[in-house]
Number of protein chains: 2
Amino acid sequence: MATIKTIAKIAGVSHTTVSRALNGNPAVKEKTRQKIQKIATELGYSPNLSARGLVNNKTYTIGLFFSSIQTGTSTSFLTEVITRLHNALDKEYMLSVNGIDDLSNYNIAVKSRLDGVVVVSQSQNDDEFIDFVKKNGLPLVVLNRLLQRHDVANVGFDDYAGTYQAMEYAVRLGHKTFGMIEGIDSFESSSIRRKAFLDCVNKHHLNILSDAVVPGTYDASSGYRAMKQILLLPEFPTLIFCANDDMAIGALKACHELNVRVPEDISLIGFDDSVYAAFINPALTTIRKPIDKLSELGLQMFDQVMNNPEYQLETKLVSPELIIRDSVKNLNATD
Amino acid sequence: MATIKTIAKIAGVSHTTVSRALNGNPAVKEKTRQKIQKIATELGYSPNLSARGLVNNKTYTIGLFFSSIQTGTSTSFLTEVITRLHNALDKEYMLSVNGIDDLSNYNIAVKSRLDGVVVVSQSQNDDEFIDFVKKNGLPLVVLNRLLQRHDVANVGFDDYAGTYQAMEYAVRLGHKTFGMIEGIDSFESSSIRRKAFLDCVNKHHLNILSDAVVPGTYDASSGYRAMKQILLLPEFPTLIFCANDDMAIGALKACHELNVRVPEDISLIGFDDSVYAAFINPALTTIRKPIDKLSELGLQMFDQVMNNPEYQLETKLVSPELIIRDSVKNLNATD
DNA sequence: CCTTTATCTGTTAACGTTTTCATAATAAGC
DNA sequence: GCTTATTATGAAAACGTTAACAGATAAAGG
């Protein structure tokens, strides 16, 4: 494997000169620079990052952490953030992708291994990890969840507003009794969405059919099971708020099987605006979570945190958007 | 930041002893080992990987490469492989995730940066990269695509058999004219699935409606557009083979919009058995690609390639499974 | 042509580990 | 208690790079 010294020997210069030349140090004469460069490319030389990292006290690695890789992380988030990070980072940086839930030892995972950390957080369980990273003084940004603390760069998403807005819409269309299929318990989004759901219904003094508020796990089959349960009730609500689109898709399946028409017999609202929301039948009315925007803002912040020592840590909140499609019936319509 | 020398000073021993103690070298007395260990954990010590890597000539990083992060890589593959790799690897290893399509320089991305490489390949375009890795002598395994070469550990998926099997099933149910929505041109799966489709139909001397063979891009909206195009033909086939489930979902949407019933008026077959295939209406008949099995076999191989110098490189082929659901009509039925 | 300054290059140490080799301390054998 | 064998520890070098400092060469000024 070619090192800086191999090149030095061939070029008849010292390895220091080679180092300088390859790093574009203007002190080295242009002619020798070219000669060295030529030899380097011929040998397919590429610097040893361990050595470089040792002296520069850098690792050339950014850690990207999700609450969990297996469960609950939307694909789009994964790919969106990975792509953006790669584009934003210098080519010499690597991206290490991890799930916080299968980290055995924070020391090993973080300390003297990473130059910066991006966390896409779904759960309060991540707080311990976030705190650890912060304490170790690494550049850090947390995406998705709104943190309580303000000493961390943070881009959150407004789950509450999204849910509330969607429920207001349902109320406006004349719905009076509601049910909900809830998300994974440990996810903060689940409790926030539930709270917004409850708050809005109560505010309007409308009814929640408590038997029609059932747990789910953010995947289609849990939505399916939950909806079956709801549809077997002696009487069911006019609208079910599903805490995400995948569960809404499962719920829809249950409706089809039991010959309950959507939206004629029951209305459905989802959350996320997944790619499939528009393609199911009926197209799903849902709350769009602009992952692209979240990622963009977050990685802009990360850039600041990494490169601008003057940067004042900030917290931003990204707003949802109600996407009206065909899964909610207008009960006020006079037909 | 605590180093081995910090610990040495506190413990009143040489840094060499600390190194040995922490690495479980039996030469060091148990009592001193414990003393050192205690100090280390108190300081939250964690070894500097650059330094260790420099002397051991290791990087403690495994590269995971997809043809592209943004497009065409199924989520399940991403999460499945990441999860499995993490579980299989020693805790000290990191996982660097990349898209081959946005690699600017193979040297920088690979050389003296990685201890091993896992490629999930969709396209022949990856061959150059695969070749580069192989030439540099890194432990390598390629998943998903069946390679021509046999000097690389390889687990491929049998797209041909899957498609053929599904088409045979359609023929058995009495279908006589066929159309297809194709995948991304540069993906090898696209051409293989097309070939199998053509081969099977021709073998049975049945008809392909050439206007009903339209290009797609493996996403739902391309399936939607393609199906619209097909349904506008003066006459359409009895069955459309969609090169993946997402496009089938889009196609289904088009059918709904144009009041073409599935499977009564037209039959649909997908590919992949995505999570959603079972949840759309009608549930999609499709070909299951067992990503779990592919990953498992592949990472078993990777383990061998990494750790067993005796290992004989091998090529394995994973078989598909036809999943019969409700989107194909039985034309032989006498009702 | 000699001195001064500017430009370029080399020597050396350092980063935090592991490893080889030597040596000090202890235990065993008589 | 003295030699030998065993066990535990330390000193020094090495990995490939960068950086501080010094030194050499070339250009400029008189």
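Each chain gets a letter, A, B and so on, in the order the sequences are listed, and its residues count up from 1.
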Answer yes or no: does a side-chain N or O of [X] lie under 4.0 Å from OP1 or OP2 of [N]?
X      : N      : answer
A/S112 : C/dG16 : no
B/N23  : C/dT18 : yes
B/Y45  : C/dT17 : yes
A/R52  : D/dG16 : no
A/T16  : C/dT9  : no
B/T17  : D/dG10 : yes
B/T3   : C/dG16 : no

Tell me: [atom1] of [X] to [atom2] of [N], nearest whole Å?
X     : N      : atom1 : atom2 : value
B/L49 : C/dT18 : CG    : P     : 10 Å
A/I7  : D/dT17 : CD1   : P     : 8 Å
B/M1  : C/dA14 : CE    : P     : 22 Å
A/L54 : C/dC15 : CG    : P     : 9 Å
B/E92 : C/dT17 : CD    : C1'   : 13 Å
A/K31 : D/dT25 : NZ    : C1'   : 14 Å
B/H15 : D/dA12 : NE2   : C1'   : 9 Å
A/R20 : D/dT17 : CZ    : C1'   : 13 Å

Residue pair [X] / [Y], side-chain donor-acceptor N/O under 3.5 Å:
X     : Y      : result
A/Q34 : A/E30  : yes
B/N48 : A/S112 : no
A/S46 : B/N107 : no
A/T71 : A/S68  : yes
A/S96 : A/N98  : yes

B/K5 has its side chain closest, among C/dT9, C/dT17, D/dT17, to C/dT17
Of the candidates C/dT17, C/dG10, C/dC8, the side chain of B/N48 sits closest to C/dT17
5'-most contact on DNA chain D (nearest-nucleotide basis), B/A51 vs B/G12, goes to B/G12
Margin query: At 4.0 Å (heavy atoms only), tell me whether B/T32 reaches a base, stays on the sugar-phosphate, or touches nothing.
Written below: sugar-phosphate
